[in-house]
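Values in this document were obtained by computation on a predicted structure and should not be read as measured data.
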Amino acid sequence: MVAMGVLTEDETGLCELLGSPVLPVLSKSGDITIGGAFSVYTQTPKSSPSLTETPEPLICTRISFREFRFAQTMIFAIEEINNSSSLLPNISVGYKIFDSCGSTLPSTRAAMGLINGQEKTFGKSCTGQSTVHAIIGASKSSSTICYAYILFCFLFQISHFSTCACLSNRKEHPSFFRTIPSDYYQSRALAQLVKHFGWTWVGAVRSDNDYGNNGMATFIEAATQEGICVEYSEAISWTSLDEQVERVVRVIKTGTAKVVVAFLGYDEMDILLEEALRQNITGLQWVGSESWITSSNLALRKYSGILTGSIGFAIKKAKIAGLQEFLLQVHPSQDPQNHILKEFWEETFGCSFQPSLKGVKQCSGSERLRDIKNPFTDVSELRISNNVYKAVYAVAHAMHSMLKCGEKSEEIAKHIQDVNFSLQSGEKVYFDERGDPAATYQLVNWQKNSAGDPVFVTVGSYDASLPDGKQFTIKEMNLTWFGESKQVPISVCSESCFPGFRQAVIKGKPICCFSCIACAAGEISNSTNSAECSPCPLEYWSNEDHNKCVPKVIEFLSYEETMGALLAGFSLFGASLTLVVSFVFFWFRHTPLVKASNSELSFFLLLSLTLCFLCALTFIGQPTDWSCMLRHVAFGITFALCISCILTKTITVVIAFTAKRPANTVPQCSVLLQRMGVLGGTFLQVLICVVWLTLAPPFPHKNTVYAAERIILECSLGSSIGFWVVLGYIGLLAVLCLILAFLARKLPDNFNEAKFITFSMLIFIAVWVTFIPAYVSSPGKFTVAVEIFAILASSFGLLFCIFAPKCYILLLKPERNTKNHMMGRNQLVIGPFSCHSHSNNTIGGRPGGFVMESSNNMIRFWRANLKTLGIR
């Protein structure tokens, strides 16, 4: 085929054309000639060329009314320019329109025809200048690329319908321009459209040519960035065998995607729809490219069941004044020798100019195009025709500028790059540095009118020149979907994950196929189809639905809960019981038993026990700066006071019974020294607490480590050393008291208090030794509960062990609360002292006592000295 366009010099020195010349289908001479390349014929025979035989001549059939309208629009624009007095005045513009037949082989022949002209012989030289100054076309990207590679050294080219993004490459196509936006923008616009409606699982079918392959590749790339998955991507060609088309339609039918993105040319879409009708494909939402989405050839009722509801981007619709009247005047009589006008007429009216054909009516020539409605006469959707119109005027303006500057035709490419003008409609025409126009689209939706015919309704727009986020606009209330539904169809591989769940990719499947996993505790997702769950801030936790962070529950031992109320009740009960014991002792303060118990130290001890019970209340309730300091200080001081009182009582007993002479007991066991012992033991604890509060006082602390779902509001010790020193000091006092009480446990009397002090100290130490591991291991508010329990248990132990036996005698056995009972037959019991009349130097048979003679003078001596000890 290429050889048919090759020039060669024969032996006679003449330049001849090999093969037959390629003739234009429509032509007119002029001072300036504009070439045109349109797919006037759209059908070629399906054949498989053999390498051993000469291929048969390629014969194109079946006129495309839409492409023929494009050619006539070009002629209309040229006629307007010829009639213009301001644009190219006194210069006639001619045209040569060739048929590219929508295929690369006929396009190559047409390209040779545009370069070589129609002459068989060119003279002695094969070099020369083409009679065509510019080319409008072609209608398909593959054909346009063929023209661009052949003609870039000779002519510049303006395409009205070639959208392949590859044509924007200035290095490969320096002389190419177009009046239709690049698919670089349309493919991204389609991806945004699919994303807008939440279609994450789509099928894809494309034309098996540069237009479809490049456009779909860009779409898949953009869709992947938007999180969209393509279930399948199939390709067909208008020359494909029936088996291949059948297989592609079967893939679409068996696919699970409910949305199909069709990046197809009109011819391929027509073939696909015929097979889809045969296989009865319904229930799919079609998303179309600009090539077919507004094609009136497809807007037929037989396809309405498939295409109603289709949506896609189209070139902006326009109106061209006078075009419809010009189209209606087309008639074979305009050029009786032109066969394409006759074929157009015969195809339009279904007649024939040859009378010999049987069964076909003869064309009279009186038929009127006004009575026909087809893609040629329909000017309601002038989109691509307007691109042809703009391309012709762009060439005219470039030629006008070139001639005005007095430059040669070789410089026309520079002028076409610089064109910037407005049409009568007000639309501006210009090209960017890549030869592309502004990328603007209308979003078109296939709907039905009242008569049931398909109509194209504009429901939105896309303008690539606007900032991100404002490029795409849509009016969703006006949309119709497949089946004439108003409900947006759903096309997903997996159902959406609701807030509170996250997506988990299924192994071996695309990212759009996932399972939904609930967010872990402390994490949320507040949007649908979240890829990850977000952790809540430190002081917040996830709600039950895991879709919102709520403040964590603040936990502390409060009076409102059962445990807090019980501990508070025991604390108040213990304090009340201690007050009752105090009242009993006060009531019986003049009795021998109370006098023998060292009443002053007993009241001090009861006071301290009351404070010990009450200090437990400071551990209950919300911790504050003051309560944290108060609870530990009150605990340390009250227990130090309590144990100091018991220790002083114990020391008094031991010193009294270890004295060699009665007179020695007076300075060692005086009331003043007892008071100083109590105050001294307590003061040392006060000093420790003051140092602790000064250096590192306790403070409220929000513990978020132990329990992630809640905040444990606790009192931080500030200084652990300070706390353990306070506790250790109390323990030291208790151990000393236990040792001394143990040594005095068998001192003779009818009411030996040292035994009960020993028992109370054993209980006290056991409780606090057990407290240490329990305190360290207890969580949250139970730490406080353990400490309160230890306070109450040790306080009750002291109260019952020391005072219960005395209250028993005071209240239930008053007969034992007498001086005679306390003294026995030969024994004087004075508090902790037993004075016997035995001759040996023992008391009750034990060494370490002293002998009391049975004389009234000696008895009076002891009574006088014991009064100074505070024991009455």
Looking at side-chain heavy atoms only, is the closest gap between Ser100 and Pro106 below 4.5 Å?
no
Tyr185 and Arg188, any side-chain heavy atoms less than 4.5 Å apart:
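Arg188 vs Tyr185: side chains apart.
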Anything under 30° is parallel, anything over 60° is perpendicular, the rest tilted; go ahead and classify [X] against [Y].
X	Y	result
Tyr462	Phe313	perpendicular
Phe263	Tyr211	tilted
Phe38	His160	tilted

Whether Arg383 engages the ring of Tyr441 as a cation-pi pair (distance to the six-membered ring centre under 6.0 angstrom, angle to the ring normal within 45°) should be assessed.
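No, Arg383 does not sit over the ring of Tyr441.
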So does [X] pair up with [Y], basic N to acidic O under 4.0 Å?
X	Y	result
Lys302	Glu274	yes
Glu79	Lys28	yes
Lys361	Glu367	no
Asp378	Lys373	no
Asp270	Arg62	yes
Asp453	Arg301	yes
Glu433	Arg170	no
Asp210	Lys140	no
Lys316	Glu427	no

Among Ser39, Ser107, Ser162, whose side chain to side chain donor-acceptor pair (under 3.5 Å) with Ser143 holds?
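That would be Ser107; it is the only one of Ser39, Ser107, Ser162 passing the side chain to side chain donor-acceptor pair (under 3.5 Å) with Ser143.
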Flag yes if more than 12 heavy atoms outside Tyr184 fall under 6.0 Å of its OH atom; otherwise flag no.
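No, the 6.0 Å shell around OH holds no more than 12 heavy atoms from other groups.
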Begin from the C-alpha positions of Leu327 and Phe376 and carry the test side-chain contact (heavy atoms from CB on, under 4.5 Å) through to its verdict.
CA-CA 8 Å; Leu327 295 177; Phe376 178 80; 3.7 Å; yes
Has the side chain of Asn478 got a donor or acceptor atom that lies under 3.5 Å from a matching backbone atom of Val459?
no
Can you tell me if Ser27 uses its side chain to pair, donor with acceptor, with the backbone of Lys96 under 3.5 Å?
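Not confirmed, Ser27 side chain does not pair with Lys96 backbone.
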By ring-ring contact (aromatic ring centres under 6.0 Å, His included) - contacts of His397 (at least two apart)
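Scan of His397 (ring-ring contact (aromatic ring centres under 6.0 Å, His included), adjacent residues dropped) gives Phe421.
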